[in-house]
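I have placed the structure first, in the form of structure tokens, so that the comments after it can refer back to it.
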Number of protein chains: 2
Amino acid sequence: MSAVRGARARARIEVTAAIKEVARRQLAAEGAAKLSLRAVARELGMVSSALYRYFPSRDELLTALIIDAYDSLGEAAERAGGAVVGAGPVARWIAVCEAARGWALTHTHEYALIYGSPVPGYTAPQATVRAASRVGLVLIGVVRDARETSGLAELPLPAGLRPEAERMAADLAPDLPPEAALALVAAWAQLFGLIGFELFGQFKGVVEDRDAFFRHAATQLAHGVGLVGSHR
Amino acid sequence: MSAVRGARARARIEVTAAIKEVARRQLAAEGAAKLSLRAVARELGMVSSALYRYFPSRDELLTALIIDAYDSLGEAAERAGGAVVGAGPVARWIAVCEAARGWALTHTHEYALIYGSPVPGYTAPQATVRAASRVGLVLIGVVRDARETSGLAELPLPAGLRPEAERMAADLAPDLPPEAALALVAAWAQLFGLIGFELFGQFKGVVEDRDAFFRHAATQLAHGVGLVGSHR
DNA sequence: GTCTATAACGAGATAGAC
DNA sequence: GTCTATCTCGTTATAGAC
């Protein structure tokens, strides 16, 4: 009985994974807007109605793909942040940024899914928020650790932004000073500006040595959030 | 004869404009991936084959929309940069950034078209490059002027990046020091990271006072490219 | 209980004959 | 330029296999 349940559960997991894999291929070929349950079913040798046992709607399949993408990126960032605990905070920051960029370069279409144009007619449910925040949390962690070891540089905080910055800090990192939370959110967005521009072709004809360019920009971002010290 | 030609030319311009306007509405409703000449024709009461007299293919229509979007954004940035010539360089920089953000907030779908995920199966032709560079040129102009008046702060230039930075400067702004060109390209990408995150919903639940937040981030970007002085 | 297959719906796109 | 026949799609109801 429980063995049967186990077998069934295993089969279910496998089919679910196969569906998502094929859907990701479709994503790459046709884009998220044209992701079609029928085409996925066809490629799997199933009938479209059978997919509804696994995903109650096309939008739920999209949501699953989005969450998977955020988690995959988040895991890459977390791994990178954990692998260099011994190094200085700037080096750790750069490692996390480079992990995010590396993931994006090897998962172009999943990146487009989560950070590119919204899919028309689809609105991301609350369920995606947790996964979406993972990279940001890693960056926060780097700054938090740096504060305890090397210390943080002084950061500006315009009077008008103090309430906003304090709310941000309360929500995201209660142990950090508000100006650090503020700078972190900005750096977080700017990081993905760099990655997106490279990925989506805006650097064509402009930036040649993209590895070195990114490393330098990431270093500047690190300084922007108050990290200090050599990046070696 | 020439009057007829004039009338014909005028009609052609009007129809072309109408086609693009309807196409932009489609862009908003269905996304660029699903932009269909047939649907545009239907909405105009024309037959799809008639559209081919104006745009030889769907891709050419897309290209026209992309160039229009870049030009519209570029014009907004240029106007903003020109309107505050008297002010300090930081204020000018912020004005240009805010113009870009303002345009993006009021032209969400056109923004998605040019800075969002690439349209599957479409590759932008060389013809889009000129229009795409306009915002960047305005930012370069602000730094150029600042260099002659208030001067620029010192900027870092890692040894390994010197060749890249010199090539950038040669291509984009031969009168600027290489480290300024480097910082400008990074700031340019980061600016659109901020705008894209706000537009595409990444700031939901994170940034509340978005006007003030953006102004602060833009100020930091200004400092990042070496601009100095008050932002009043 | 859990799954897959058949068939159908209403809507929309598409190709080709006329 | 119009019409029609044939495709696609998401989704549901239903019936039967394991």
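We name chains A, B, ... by the order of the sequence lines, and we start the count at 1 in each one. Bear in mind that the values here come from a model prediction, so they are computed numbers and not experimental data. When reading the values below, keep in mind they use all heavy atoms of this one structure, side chains included, and skip hydrogens, waters and symmetry mates.
Residues in residues 53-78 of chain A take part in these ring pair (Phe, Tyr, Trp, His ring centres under 6.0 Å) pairs, two or more places apart or across chains: Y70(A)-Y115(A).
Partners of V22(A) according to the side-chain contact (heavy atoms from CB on, under 4.5 Å) rule, which considers only residues two or more places apart in sequence or in another chain, are R25(A), V40(A), E43(A), L44(A). Taking T128(A) as the reference, T63(A), I66(A), I67(A), A124(A), P125(A) meet the side-chain contact (heavy atoms from CB on, under 4.5 Å) condition, with sequence neighbours excluded.
Position along DNA chain D of the nearest nucleotide to A50(B) versus P56(A) favours A50(B) as the more 5'-ward residue.
A sub-4.0 Å separation between OP1 or OP2 of dT4(C) and a side-chain N or O of Y54(A) is present. Between R42(B) and dA13(C) there is a side-chain polar atom (N or O) within less than 4.0 angstrom of OP1 or OP2. Neither OP1 nor OP2 of dT12(D) sits under 4.0 Å from any side-chain N or O of Y52(A).
To the nearest angstrom, C1' of dT8(D) lies 13 Å from CG of L37(A). Atom NZ in K34(B) sits roughly 16 Å away from atom P in dA11(C) (whole-Å rounding). In this structure, L44(A) places its CG atom 13 Å from C1' of dT4(C), rounding to the nearest Å. In this structure, E30(A) atom CD and dT8(D) atom C1' are separated by 13 Å, rounded to whole Å. With rounding to whole Å, M46(B) atom CE is found 8 Å from dG1(D) atom P. Atom CG in D59(A) sits roughly 10 Å away from atom C1' in dG10(D) (whole-Å rounding). Counting to the nearest Å, the C1' atom of dT12(D) and the CD atom of E60(A) are 16 Å from each other.
Of all the heavy atoms in Q202(B) and I114(A), the pair that sits closest is NE2-O, 3.1 Å. In plain terms, the two heavy atoms of D71(B) and A131(B) that are nearest each other are OD1-CB, 3.5 Å. Closest non-hydrogen pair, F200(B) versus G116(A), comes out as CD1-O, 3.5 Å.
In this pair, F192(B) and F197(A) present their aromatic rings parallel. The plane angle is below 30°, not in the 30 to 60° band.
No salt bridge links D209(B) with R215(B); every basic N to acidic carboxylate O contact stays at or beyond 4.0 Å. Between R10(B) and E14(B) no salt bridge is recorded (no basic side-chain N to carboxylate O distance below 4.0 Å). In summary, R24(A) and D68(A) engage in a salt bridge, as defined by a charged side-chain N under 4.0 Å from a carboxylate O.
When atom types are taken as modelled, the side chain of R144(A) and the backbone of D175(A) share no donor-acceptor pair closer than 3.5 angstrom.
The stretch residues 13-25 of chain A has no heavy atom under 4.0 angstrom from DNA chain D at all.
Rounded to 10°, the angle separating the first-five-pair axis and the last-five-pair axis of the helix from dG1(C)-dC18(D) to dC18(C)-dG1(D) equals 20°.
For S36(A), taking side-chain heavy atoms from C-beta onward, the closest of the listed nucleotides dG10(D), dT4(C), dT14(C) is dG10(D). With dT14(C), dT4(C), dA8(C) as the candidates, the nucleotide lying closest to the side chain of R38(A) is dA8(C). Here dC9(D) is the nucleotide among dC9(D), dT11(D), dC3(C) with the atom lying nearest to any side-chain atom of A39(A). Closest to the side chain of R12(A), from the set dT11(D), dT2(D), dC3(C), is dC3(C).
Shown here is R12(B), whose CZ atom has more than 12 heavy atoms of other residues, nucleotides or ligands within 6.0 Å.
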Hey, what are the protein-to-nucleotides 13-18 of chain D N/O distances that come in under 3.5 Å?
none

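Residue L35(A) is in sugar-phosphate contact alone, with no base atom involved, counting any heavy-atom pair closer than 4.0 Å across all strands shown.
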